Amino acid sequence: MDYREIILGGGCFWCIEAVFERIKGVINTEVGYSGGADNPTYESVCNGDQNIEVVKIVYDKNQISLEKILIIFFNIHDPTSKDKQGADEGIQYRSAIFYQDDEDFKIITQFLQNAQKNYTKTILTQVLKLEKFYKAEDYHQKYFTKNPNQTYCQFIIAPKVQKINLYDKELSKS
């Protein structure tokens, strides 16, 4: 087993986590905050403390590559949208990838260069060296799994989970 971590922000962290906790090769997910003030809370993030809602993804490199994780990530959020994903708007929803080492940085920058060819708008995803990750409050962890019948979960998160299920066979082949 060769476990790695990547931290992604692309809108509501509930959405990102709901998708990735269902992907083969992902060992664990944890929602949190990165990129802003120290010791954030959900309230401080919503009030603009510069943190991004993120998901820490622990994956087995032997089962899924970072490139495949990035493909999934780009299929469930709009990397060309500034501080907004769907109805969720604010700096905490900006698109970001937090890397931890030079190897991942190279993979991420190459992926972004190649991905830009598929977009007419400029990709705005920030690529940032991880400084700190703060775990979000417990009630945010595995939110979709715990609250599948909640309205936001049914109308916003469930379609993203269903969308990625359509890609699942294709991703398994590549």
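Since this is a predicted model, take the numbers as computed values, not measurements.
- Q141 has its side chain within reach of V31: a pair of non-hydrogen atoms, C-beta onward, lies under 4.5 Å apart.
- Checked against salt bridge (charged side-chain N to carboxylate O under 4.0 Å, His left out), K132 has the following partners two or more places apart in sequence or in another chain: D38.
- In this structure, E17 contributes its side chain and K142 its backbone to a donor-acceptor pair below 3.5 Å.
- Between the D83 side chain and the Q92 main chain, no donor and acceptor come within less than 3.5 Å of each other.
- Nearest heavy atom pair, residue N51 against residue G35, reads OD1-N, 3.5 Å.
- Sorted by first and then second residue, the salt bridge (charged side-chain N to carboxylate O under 4.0 Å, His left out) pairs with a member in residues 84-94 form an empty list; sequence neighbours excluded.
- With sequence neighbours excluded, the residues satisfying salt bridge (charged side-chain N to carboxylate O under 4.0 Å, His left out) with K56 are E30.
- Here the rule is ring-ring contact (aromatic ring centres under 6.0 Å, His included) with F13, and of Y134, Y33, F20 only Y33 fits it.
- Taking every heavy atom of both residues into account, Q85 and S81 meet most closely at NE2-CB, 3.9 Å.
- Counting non-hydrogen atoms of neighbouring residues, nucleotides and ligands closer than 6.0 angstrom, the NZ atom of K146 exceeds 12 such neighbours.
- With hydrogens and angles ignored, the 3.5 Å screen pairs a side-chain donor or acceptor of T109 with a backbone N or O of F105.
- In plain terms, the two heavy atoms of D49 and P40 that are nearest each other are OD2-CB, 3.4 Å.
- Taken to the nearest 0.5 Å, the SG atom of C12 stands 5.5 Å off from the CD1 atom of I157.
- Shortest non-hydrogen contact noted between L130 and S34 is CD1-OG, 3.8 Å.
- Under the 4.5 Å side-chain heavy-atom criterion for ILVMFWY residues, a single connected hydrophobic cluster contains both V127 and Y119.
- Side-chain contact between L66 and Y59 is present, with at least one heavy-atom pair separated by less than 4.5 Å.
- Between the side chain of K160 and the main chain of C15, no donor-acceptor pair closer than 3.5 Å is present.
- Taking each heavy atom of N118 and N114 in turn, the nearest pair found is ND2-O, 4.2 Å.
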Take F74 and F111 through the ring-ring contact (aromatic ring centres under 6.0 Å, His included) test and state the conclusion after the steps. CA-CA 10 Å; F74 270 50; F111 175 84; 5.1 Å; yes
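- Counting heavy-atom neighbours within 6.0 Å of F155 CZ, excluding the residue itself, gives a total of 12 or less.
- To the nearest 0.5 angstrom, K117 atom NZ is 11.0 Å from I123 atom CD1.
- In this view, N62 and D2, D60 satisfy the side-chain contact (heavy atoms from CB on, under 4.5 Å) rule, not counting sequence neighbours.
- Evaluation of the salt bridge (charged side-chain N to carboxylate O under 4.0 Å, His left out) rule for K61 yields E103 as partners, not counting sequence neighbours.
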If you apply the rule side chain to side chain contact (heavy atoms under 4.5 Å, CB included), what do you find for I6 with I108, and how did you get there? CA-CA 10 Å; I6 193 72; I108 294 162; 3.9 Å; yes
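- Taking the six-membered ring where tryptophan is involved, the planes of Y42 and Y139 are perpendicular, since the angle between them exceeds 60° and thus also 30°.
- Ring geometry for W14 versus Y152: interplanar angle over 60°, hence perpendicular rather than tilted (30 to 60°).
- Considering only heavy atoms from C-beta on, V54 stays 4.5 Å or farther from I16 through its side chain.
- For D138, the salt bridge (charged side-chain N to carboxylate O under 4.0 Å, His left out) partners at least two apart in sequence or on another chain are K135.
- Residues meeting the side-chain contact (heavy atoms from CB on, under 4.5 Å) test with A158, sequence neighbours left out: F144.
- The backbone N or O of Q100 sits less than 3.5 Å from a side-chain atom of K129, completing a donor-acceptor pair.
- When the side chains of ILVMFWY residues are joined at heavy-atom separations under 4.5 Å, either directly or via intervening members, I76 and L112 end up in a single hydrophobic cluster.
- To the nearest 0.5 Å, atoms CG (L8) and CD1 (I72) are separated by 10.0 Å.
- Looking at residues two or more places apart in sequence or on another chain, you find a side chain to side chain donor-acceptor pair (under 3.5 Å) between T80 and D78.
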Determine whether V55 and I7 satisfy the following criterion, side chain to side chain contact (heavy atoms under 4.5 Å, CB included), listing intermediate values before the conclusion. CA-CA 5 Å; V55 179; I7 296 175; over 6 Å; no
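- Once rounded to the nearest 0.5 Å, the distance linking CD1 of I97 with CD1 of I107 reads 11.5 Å.
- Remark: E43 CD is packed, more than 12 non-hydrogen atoms of other residues, nucleotides or ligands lying under 6.0 Å away.
- For the side chain to side chain donor-acceptor pair (under 3.5 Å) test, residues two or more places apart in sequence or in another chain that qualify with D104 are R4.
- As a member of the Ile/Leu/Val/Met/Phe/Trp/Tyr network built from side-chain separations under 4.5 Å, Y3 groups with M1, I27, V58.
- A single hydrophobic cluster is seen to contain both I71 and V161, as judged by linkage of ILVMFWY side chains at heavy-atom distances under 4.5 Å, directly or through other members.
- Looking at S95 and K82, their side chains never bring a donor and an acceptor atom within 3.5 Å of each other.
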Would you sort out whether I57 and E5 count as a side chain to side chain contact (heavy atoms under 4.5 Å, CB included), showing the intermediate values? CA-CA 6 Å; I57 299 166; E5 288 182 1; over 6 Å; no
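- Applying the side chain to side chain donor-acceptor pair (under 3.5 Å) rule to E21 yields the partners T145; only residues at least two apart in sequence or on another chain are considered.
- Residues forming a side chain to side chain donor-acceptor pair (under 3.5 Å) with Q116 (at least two apart in sequence, or on another chain): none.
- What you find for V19 and I23 is that their closest heavy atoms are O-CG1, 3.4 Å.
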